[in-house]
Amino acid sequence: MLTLKYIRDHISEAKNGLRIRNYNDDGLQIIDEIVVLDDKRKANQTELDASLAEMKILSKEIGNYYKSGNKEKADNIKEKVALLKEGSKSLEQDRHMIEQELEDKLLSVPNIPHALVPSGNSDEDNEEVQAWPKPLEVIKDGLPHWELAKKYNLIDFDAGVKIAGSGFPLFRGKGARLERALINFFLDEAFNAGYEEIIPPLLVNSDTAKATGQLPDKEGQMYHCERDDLYLIPTAEVPVTNIYRNVIISESDFPIKLTGYTPCFRREAGSYGSDVKGLNRVHQFDKVEIVQIAHPDRSYQVLKEMVNYVESILIKLELPYRILRLCGGDLGFTSALTYDFEVYSAAQDKWLEVSSVSNFETFQTNRLKLRYKDTSGKNQLAHTLNGSALALARIVAAILENNQGPNGINIPEVLVPYTKFELIN
RNA sequence: GGAGGAGUGGCAGAGCGGUUGAAUGCACCGGUCUUGAAAACCGGCAUACCGAGAGGUAUCGGGGGUUCGAAUCCCUCCUCCUCCGCCA
């Protein structure tokens with residue numbers, strides 16, 4: 001959620017930002033509507049405050065008159081207060097309504113894109129900021145990962161369907177061990193890069209989901225346990241970032257670097273076709289997430305650092321990758337700037353998104369109320385960033401496809417200490 | 001799931017219907033003193049909103065109510081603690 005102050009002080013920047021996100025003139029009106037509502041809110045508060053202040057003073061007088069035994073005078077004032085009270089009540093009702101409306105509108109405004117974000121409508125307009133320098137090797141007669149998984153009995157999609165439904169893969173044997181090896185490898189890498197490991201709850205309450213922006217924007221994407229009003233997390237970002245909800249940290253606490261492995265649950269309604277085959281798009285997948293809470297002056301440097309970090313992992317895994325800067329049409333609701341990593345899947349001849357690294361600036365911290373005391377003692381909103389490092393399922397798909405050969409599938413060297421085997425055959 | 005107790009500032013802990021946004025202690029920050037430090041003393045020290053400012057309003061777990069007036073009384077929800085039951 002953008003801050004009111006930002007919107008009021010940067011009306012034209014806000015509108016330009018929304019244009020990058022392909023808002024038309026009608027859509028842009030939301031900004032003006034917010035300003036008008038806020039004016040209403042201010043006027044209301046001024047009036048209400050004055051009325052309450054008067055009531056307070058009169059109430060004190062009543063107290064004093066009672067003490068001195070002057071009942072008549074006290075009762076006189078009581079009538080006055082009763083009148084004031086009626087007025088305050090209706091003002092208060094107005095305030096509730098105005099605030100609710102304002103909040104709804106604010107929640108519907110996405111983050112303002114960073115100046116680097118190119119305009120564009122879809123993922124086809126994303127800007128390639130780093131291409132794979134070598135020619136891509138297409139494996140002739142290569143099998144897609146779902147067939148490899150079947151051939152080597154790594155993933156039993158049918159069993160997953162029976163147990164839960166489509167989109168819930170069941171890993172077994174070397175497939176399960178490869179999955180676990182990757183999780184441990186990623187966590188060790190993050191540890192070495194200075195991230196503190198977190199094992200968070202996998203179910204979160206609605207306050208938590210709201211604070212990181214999943215509610216109300218992505219309500220339909222999350223599994224919801226209605227009976228207890230809890231949501232299954234779509235990413236570790238949600239519980240991990242919420243550790244710092246309603247927290248004021250000191251400037252010396254920066255940088256806060258957290259990592260966590262969790263399964264991620266996504267309903268992903270509405271997708272179809274070959275994109276959803278195998279591990280490309282599933283309801284449950286494993287992911288190691290990295291989260292940083294950064295000083296606003298340093299957050300873009302931190303973003304770079306996180307991009308470099310993700311890149312270093314892909315290099316170690318020896319997978320061909322490219323880095324994209326998301327365009328306005330593809331940029332997530334809460335993000336100001338996002339870099340996507342895609343890995344080339346040789347058998348599908350397709351780039352698969354395996355990581356997304358974003359700076360949310362104050363968009364999340366405003367709702368989180370995550371602040372730090374600056375040198376002058378004032379509270380300021382911190383910046384949050386996160387990235388997948390990495391999303392497991394698609395990495396597995398890429399490893400299987402890219403490393404297949406006549407003798408089986410070769411495990412990247414860096415993983416062998418974790419898998420304890422070098423070849424799947 | 002059943003019975004009881006409790007939720008107050010960074011922490012500890014008063015207040016239980018009337019200048020109480022909240023005593024006191026600790027912690028923290030600034031100053032005096034000191035060669036320096038400690039001690040002692042003086043001052044500061046919650047958050048949000050409105051206001052150019054003076055200042056005002058709200059907040060004592062959340063929400064609602066009683067009252068001229070609520071941290072204090074009532075209702076409800078949440079959380080924590082103790083005991084019992086169940087259980088990995």
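Quick note: numbers below take in every heavy atom, side chains included, and nothing from hydrogens, waters or symmetry partners. Within every chain, numbering begins at 1; the chains are lettered A, B, ... in the order of the sequence lines, protein sequences first and strands thereafter.
If you check B:rU67 for Watson-Crick or wobble pairing at under 3.5 angstrom, you find it has no partner at all. Of all nucleotides present, none satisfies the Watson-Crick or G-U wobble test against B:rA39 with each distance under 3.5 Å.
With the nearest nucleotide of RNA chain B identified for both A:K78 and A:K60, A:K60 has the one nearer the 5' end.
Sorted pairs that involve residues 56-104 of chain A and meet ring-ring contact (aromatic ring centres under 6.0 Å, His included), not counting sequence neighbours, are lacking altogether. Applying the side-chain hydrogen bond (donor to acceptor under 3.5 Å, both in side chains) test to pairs two or more places apart or on separate chains, those with a residue in residues 4-15 of chain A are A:K5-A:D9, A:R8-A:D38, A:R8-A:D39, A:K15-A:D32. For residues 147-156 of chain A, the pairs satisfying salt bridge (Lys or Arg N to Asp or Glu O under 4.0 Å) are A:D156-A:R172, with sequence neighbours left out.
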Letter per nucleotide, 5' to 3', of nucleotides 47-66 of chain B [B base touched, S only sugar-phosphate touched, - untouched; heavy atoms, 4.0 Å]:
SSBSS----BSS--------
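Classification of the A:Y418-A:F185 ring pair by plane angle, with boundaries at 30° and 60°, yields perpendicular.
Rounded to the nearest Å, the gap between the C1' atom of B:rC75 and that of B:rC86 is 31 Å. Nucleotides B:rC16 and B:rG64 place their P atoms 26 Å apart, quoted to the nearest Å. Taking the C1' atom of each, B:rG62 and B:rU79 are spaced 10 Å apart, rounded to whole Å. Rounded to a whole angstrom, the distance from the P atom of B:rA54 to that of B:rG69 is 30 Å. Going from the P atom of B:rC33 to that of B:rC42 covers 16 Å, rounded to whole Å. Taking the C1' atom of each, B:rG17 and B:rU72 are spaced 6 Å apart, rounded to whole Å. Taking the C1' atom of each, B:rC73 and B:rC60 are spaced 16 Å apart, rounded to whole Å. The same atom, P, is picked in B:rA48 and in B:rG10; the two are 12 Å apart, to the nearest Å.
For the ring pair (Phe, Tyr, Trp, His ring centres under 6.0 Å) test, no residue two or more places apart in sequence or in another chain qualifies with A:Y152. Listed by chain and number, the residues in a ring pair (Phe, Tyr, Trp, His ring centres under 6.0 Å) with A:F333 are A:F363 (sequence neighbours excluded). A:Y309 is linked by a ring pair (Phe, Tyr, Trp, His ring centres under 6.0 Å) to A:Y195, counting only residues two or more places apart in sequence or in another chain. The side chain to side chain contact (heavy atoms under 4.5 Å, CB included) test applied to A:A336 returns A:N111, A:Y300, A:E361, not counting sequence neighbours. Listed by chain and number, the residues in a ring pair (Phe, Tyr, Trp, His ring centres under 6.0 Å) with A:F168 are A:H283 (sequence neighbours excluded).
Checked against A:T241 for a side chain to side chain contact (heavy atoms under 4.5 Å, CB included), the options A:V291, A:L258, A:T235 give a single hit: A:V291.
Contacts between residues 197-209 of chain A and RNA chain B, defined by a heavy-atom separation below 4.0 Å, involve no residue at all.
Between the CG atom of A:N425 and the CD atom of A:Q404 there is a distance of 13.5 Å, given to the nearest 0.5 Å.
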Would you list the atom pairs, donor with acceptor, under 3.5 Å between side chains in residues 83-92 of chain A and any protein atom, with sequence neighbours excluded?
from	atom 1	to	atom 2	distance (Å)
A:S88	OG	A:S51	OG	2.7
A:S88	OG	A:L84	O	2.9
A:S90	OG	A:G87	O	3.4

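Straight-line distance from the NZ atom of A:K71 to the P atom of B:rC68: 11 Å, rounded to whole Å.
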With 3.5 Å as the limit, what N/O pairs link the protein to nucleotides 75-81 of chain B?
none

